[in-house]
Trainee: 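Take a look at this one; I'll ask things after.
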Number of protein chains: 2
Amino acid sequence: MITFEDFRPEGSLPVYRQIVLYIKRGAVAGSIRNGDELPSRRMLSALLGINPNTVQKAFSLLEEEGLITSRAGAKSFMTLDEERLTQIRNDLLSEDIQIITSALRQMGITKEEALALISRFWEEPR
Amino acid sequence: MITFEDFRPEGSLPVYRQIVLYIKRGAVAGSIRNGDELPSRRMLSALLGINPNTVQKAFSLLEEEGLITSRAGAKSFMTLDEERLTQIRNDLLSEDIQIITSALRQMGITKEEALALISRFWEEPR
DNA sequence: AAAAGTGTGTTAGTTGAGTAATACGGTTAG
DNA sequence: CTAACCGTATTACTCAACTAACACACTTTT
């Protein structure tokens, strides 16, 4: 069962998209595995203090992408194979890294400065 | 005169916020300097193909933060001192780096992997 | 002085994200 | 079996990010 313990919505990204990201990142990290049960729409919405429809929107997206399987009346569960997983990993990584490198370059930061900064900030609590 | 040549709105961030970011990053990079003239609200909105009110919102934010000065009838111009600049630099850097480190850690990426990835992706054209 | 360009303010509409309340039928545990 | 839980669907509402079209007063330019 996926607990959503360490899920904390933040930033300007819509919550339903953050839920999708949380699942994808967990899958890449290996903490979310094929066959894992998801909490019900109602339970999760109560847990996160958001509307059931917002959770539904996130789960719909995940199902469209083939990452979860749902049937009316029963709980949803993860459907992941290795190929899909490495694809997701590559997508997420290239997107995130493209964003940060673009931002840092626009600020005139050199590659060496960037690496030094990220190295220094890696263990920060925040 | 700030040209907005290399400004390309993208992503889910509101355009008026992207304009603010563009100015701040340019200031940090040194390509935008104290006293520099900004294009008028109307000209910039025509250039970017967006509504004048969207530009106005961006410029209002910049003025609230003291980064530009405006007087009715005349063009707006940058008002930057060294202290404010280093503060902006620190704010932008810590925010961006916090976002990327958080994302990579959630995917189970180690510090060494992260540095290797960013190093490899740095020169990517995209 | 007059025209053109400028910052500023107002009102109104559209779109998408998210909230809210409710209903229906399928699945599962007691 | 049946009650509790579940996925799914519908309708209506709020709110922020824009879009659109003006009007007014100030400045710079000619």
Side-chain angles (χ1 to χ4, degrees), chain A residues 1-4 7-24 32 34-80, chain B residues 1-4 7-24 32 34-80:
Chain A
M1 172 66 117
I2 302 166
T3 61
F4 281 83
F7 179 82
R8 295 284 178 280
E10 54 187 10
S12 62
L13 199 66
V15 177
Y16 73 94
R17 281 185 159 286
Q18 297 190 38
I19 293 174
V20 171
L21 260 185
Y22 177 82
I23 295 291
K24 287 186 175 177
I32 292 177
N34 185 46
D36 278 1
E37 245 186 19
L38 290 132
S40 79
R41 272 78 161 163
R42 295 172 226 266
M43 271 201 40
L44 185 54
S45 65
L47 179 66
L48 302 182
I50 62 179
N51 193 274
N53 296 2
T54 303
V55 177
Q56 168 63 12
K57 200 163 188 174
F59 281 28
S60 292
L61 270 181
L62 287 168
E63 193 172 18
E64 276 179 26
E65 296 192 45
L67 269 60
I68 72 174
T69 300
S70 304
R71 31 192 259 279
K75 292 244 192 77
S76 303
F77 55 91
M78 302 296 303
T79 48
L80 294 167
Chain B
M1 173 67 118
I2 301 166
T3 63
F4 281 82
F7 179 82
R8 295 285 178 280
E10 55 187 11
S12 62
L13 199 66
V15 177
Y16 73 94
R17 281 180 149 286
Q18 296 191 39
I19 294 173
V20 171
L21 258 185
Y22 177 81
I23 295 291
K24 286 185 176 178
I32 292 177
N34 186 47
D36 278 0
E37 245 186 18
L38 290 132
S40 78
R41 271 79 161 163
R42 294 173 227 266
M43 272 200 40
L44 185 54
S45 65
L47 179 67
L48 302 182
I50 62 179
N51 193 274
N53 295 1
T54 303
V55 178
Q56 168 63 13
K57 198 163 187 175
F59 280 29
S60 291
L61 270 182
L62 287 168
E63 194 173 16
E64 275 178 27
E65 296 193 45
L67 269 60
I68 72 174
T69 300
S70 304
R71 31 192 260 279
K75 293 247 191 73
S76 302
F77 55 90
M78 302 295 304
T79 48
L80 294 167

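Residue numbers begin at 1 in each chain, while the letters A, B, ... track the order of the sequences.
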Trainee: For each nucleotide in nucleotides 14-19 of chain C, reading 5' to 3', give B when a protein heavy atom comes within less than 4.0 Å of its base, S when such contact involves only the sugar-phosphate, and - otherwise.
Mentor: ---SSB
Trainee: Go through the steps to decide whether Phe7(A) and Leu47(A) satisfy the test side chain to side chain contact (heavy atoms under 4.5 Å, CB included), and finish with yes or no.
Mentor: CA-CA 10 Å; Phe7(A) 179 82; Leu47(A) 179 66; over 6 Å; no
Trainee: By the side-chain hydrogen bond (donor to acceptor under 3.5 Å, both in side chains) test, which pairs, at least two apart or in different chains, include something from residues 41-53 of chain A?
Mentor: Arg41(A)-Gln56(A), Arg41(A)-Ser76(A)
Trainee: Distance check: side-chain N/O of Ser40(B) vs OP1/OP2 of dT6(C), anything under 4.0 Å?
Mentor: yes
Trainee: CG/Leu62(A) to OG1/Thr69(A) distance, rounded to the nearest 0.5 angstrom?
Mentor: 11.0 Å
Trainee: Nearest-Å distance, CD (Glu63(A)) to C1' (dT8(D))?
Mentor: 10 Å
Trainee: dT6(C) P sits how many Å from Ile68(B) CD1, rounded?
Mentor: 14 Å
Trainee: For Phe77(A) and dC6(D), what is the distance between atoms CZ and P respectively, to the nearest whole Å?
Mentor: 16 Å
Trainee: Going from CD1 on Ile32(B) to CD1 on Ile2(B), what distance comes out if it is rounded to the nearest 0.5 angstrom?
Mentor: 4.0 Å
Trainee: Measure from CE on Met43(A) to P on dA4(D) and round the result to the nearest Å.
Mentor: 17 Å
Trainee: Answer yes or no: is there a side-chain heavy-atom contact under 4.5 Å between Lys57(B) and Thr54(B)?
Mentor: no
Trainee: Could you measure the distance from the CG atom of Leu44(B) to the CD1 atom of Ile50(B)? Nearest 0.5 Å is fine.
Mentor: 6.0 Å
Trainee: Considering every strand and a 4.0 Å limit on heavy-atom distances, what is the contact class for Ser76(A): base, sugar-phosphate, or nothing?
Mentor: sugar-phosphate
Trainee: If I take atom CZ in residue Arg41(A) and atom P in nucleotide dG26(C), what distance separates them, rounded to the nearest angstrom?
Mentor: 17 Å
Trainee: Rounded to the Å, how far apart are Glu37(A) CD and dT27(C) C1'?
Mentor: 12 Å
Trainee: Output the distance between atom CD (Gln18(A)) and atom CD1 (Ile23(A)), rounded to the nearest 0.5 Å.
Mentor: 13.0 Å
Trainee: Got a second to check how far Met78(B)'s CE is from Leu67(B)'s CG, nearest 0.5 Å?
Mentor: 5.0 Å
Trainee: What is the distance from atom CG of Asp36(A) to atom CE of Met1(A), rounded to the nearest 0.5 Å?
Mentor: 10.0 Å
Trainee: In whole angstroms, how far is the P atom of dA21(D) from the CD atom of Gln56(B)?
Mentor: 18 Å
Trainee: For nucleotides 25-30 of chain D, print each protein N/O atom paired with a nucleotide N/O atom at under 3.5 Å, atom names and distance only.
Mentor:
residue: dT28(D); atom: OP1; partner: Arg71(B); partner atom: NH2; Å: 2.9

Trainee: I need the CG-C1' distance between Leu44(B) and dT19(D), as an integer number of Å.
Mentor: 16 Å
